[in-house]
Amino acid sequence: MTHTPSRHVTRRALLSVGAALGAGGLVASPARASVPPAGAPGAGEGGGTGAQPEPFKTPESCGATAAVSSVDAYASDVGLTVLQCGGNAVDAAVAMAAVLGVTEPFSSGVGGGGFLVYREAATGAVHTIDGRETAPAAYTETEFTDGAGNALDFDAVVGSGKSVGIPGTPATWEAALASFGTRDLWELLEPAEQLARNGFVVDQNYHDHTAQNAERFSRFPETARVFMPDGEPPAVGSEFRNPDLAETYRILRTQGVREFYEGALAQAVLAEANRPTTAGGDEVPGSPMTAQDMASYAALPGEPTVSAYRGMTVYGMGLPSSGGIAVGETLNLLQEIERRTGTPLSALSEVDYLHRFAESTAIAFADRNRWVGHVPDVPIGELLSTGFAGERAALFAPDRAQDRPIPFGSPDGDYEDAAAAGIGQPEPREGQSTTHLNVVDQYGNAVSYTLTIEQTGGSGITVPGYGFLLNNELTDFNFVPVTPGVPDPNLPGPGKRPRSSMSPTLITDDAGLRLSVGTPGGATIITTVAMIIAGYFERGLPLVDAVAAPRLSSRNSFPEDADLGLGSSPTGAGLAALGHEIQDEDPGSWIGNASGVAREGAMLVAAAETERGGGGAARSW
Ligand code: GLU
């Protein structure tokens, strides 16, 4: 990897998170905005050795030139600085993702994978990169069963080498920059390296994620050493350093990403996945991953899913994600139900709106669970067709919730008779972690990028000496067929990528980008992304309010999930009267810490959470 001085984004510029940036741009909602702590702006001298003070979070920011949003203020500041130093959206996205690997290491990092959707303004073309973790070549369909064909214990598999897929994030960065970037890893990973080396300020979220995982982290001495250096979760407000991760980033910057897949780093990943080091010599199963599995990993360029929505075009992530398909089908169903009933979402009461929304997502989940996986011949075009949506919309009743599970449909191109063909299937299990970022640059290019290590803390296994957690993404496979006798597209297989729900989404109209949006949250990702889109475009909510609104996640089983007290509110009671069974998240838990960027006329509006996870960080210029 060559360092090109003439294009160098200086460390001082990248780390100087306030004054040099005008960080935060014009804050659109002063009432919501946090006040930057005194002395925070510009505190970093870049080359210093002190921890970088915690930058301020703000959920909304408007600018005329460029915008970014994520859950993390360090990441959003670095992203905006990359743009202000002349980088493009892909450059900024990589730099942000690297920072998130430092400050959100339990949700993302080089030990995981993700999906990046990129729109090039000059051509209007939308490209995707599939950086999903991959099963070793030795995996079989019965990898997660015992000799009698029963599913292995889920939690035992999570905390073992068997859950670890070949990581895709370093290859994603390499592929994205090679195809669409203007800078190199030498420059773009430097802020993250410095942050890992010099430290950042621990917030409540970081502390809580460590505390929630303390027991399982203690099973792996390297994880306990790196993430609980004093033997306990780091205190809120303390400075946290991860010099091992800084070293990993330095290696990627100076030696390139191949080092991760074929060099000493690859050997370290392999050794730990093959034979995880446990406290007290506990035996946990290892992975059959080989050097060949690592060396042959590729982040794959691809085409997005495409669907039409209210005169706009929705671009989502294709296989192995089900996100683009399921979000697209949900939006198609909302439009078809509107056509059948003659009533737009905008004219409905909150109860009737959420009822229609929940029925639509439940139908979309019935279909994705039956038809979508990393297999050939997924009928993507039919699943996203208006004909199929029309047939499925016939199931909708305005005055009552359908029984769950709703039978899956038959996307066969024949939609004359409105008969549901399938049987009801229970919903498979998925994690609740991950992180998302959005960038719209000064050239009009846009990135929507969701990345993950699967559940919070991933496998719990840290690669010794390198400071990052390995994913447990392979537990996104179904361990056994969801329904005996019904083909299951999401069983494990050699070199296969587990089905995902991650839904980085871009929506355009004739004038260009309208919205970039995404979220963490396992299977709730699909419902959250669809709900933000419906809230913003159809319910008349400002983007920040569409992100902040209480969520309802109906995924074809009862109970349905809700957060921020929706289930116990009068609206929840109204939904219960229609037959819904809603369960609120526990206090302190939430569904999907989301973010987005919208273009509104000549302005860009960046939006992040107001409350979930302590709020997010919107920035603009
Ligand atoms: N593994 C999940 C997926 O790919 C994401 C993890 C999460 O958000 O919890 O859908």
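Here, residue 1 is the first one in the sequence, and each next residue gets the next number. All ligand and atom numbering here is 1-based and tracks the order in the structure.
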Considering Gly113, Ser500, Ser108 one by one, which has a heavy atom nearer to atom 4 (O) of ligand 1 than any of the others?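 Nearest option to atom 4 (O) of ligand 1, by heavy atoms: Ser500.
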
Quickly, which of His580, Arg404, Glu581 forms a side chain to side chain donor-acceptor pair (under 3.5 Å) with Ser554? Name it, please.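 That would be Arg404; it is the only one of His580, Arg404, Glu581 passing the side chain to side chain donor-acceptor pair (under 3.5 Å) with Ser554.
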
Counting from 1, what ligand 1 atoms have a heavy atom of [X] closer than 4.0 Å?
{"X": "Ile525", "result": "8 (O)"}
{"X": "Glu473", "result": "1 (N), 2 (C), 4 (O)"}
{"X": "Thr434", "result": "5 (C), 6 (C), 7 (C), 8 (O), 9 (O)"}
{"X": "Asp476", "result": "1 (N), 2 (C), 3 (C), 4 (O), 10 (O)"}

Do Asn274 side-chain atoms and Ser287 backbone N/O form a donor-acceptor pair below 3.5 Å?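 Yes: the side chain of Asn274 pairs with the backbone of Ser287.
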
Is any N or O atom of [X], backbone or side chain, closer than 3.5 Å to an N or O atom of ligand 1?
{"X": "Gly521", "value": "yes"}
{"X": "Gly522", "value": "yes"}
{"X": "Ser501", "value": "yes"}

Are Arg551 and Glu609 close enough for a salt bridge, meaning some N to O gap below 4.0 Å?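 Looking at Arg551 and Glu609, the cut-off is met.
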
Does the ring centre of His436 sit less than 6.0 Å away from the ring centre of Tyr449?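 Aromatic pair excluded; centres sit 6.0 Å or further apart.
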
Around Asp377, counting heavy atoms of other residues, nucleotides and ligands shown, do more than 12 lie under 6.0 Å from its CG?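 Count not over threshold, so no.
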
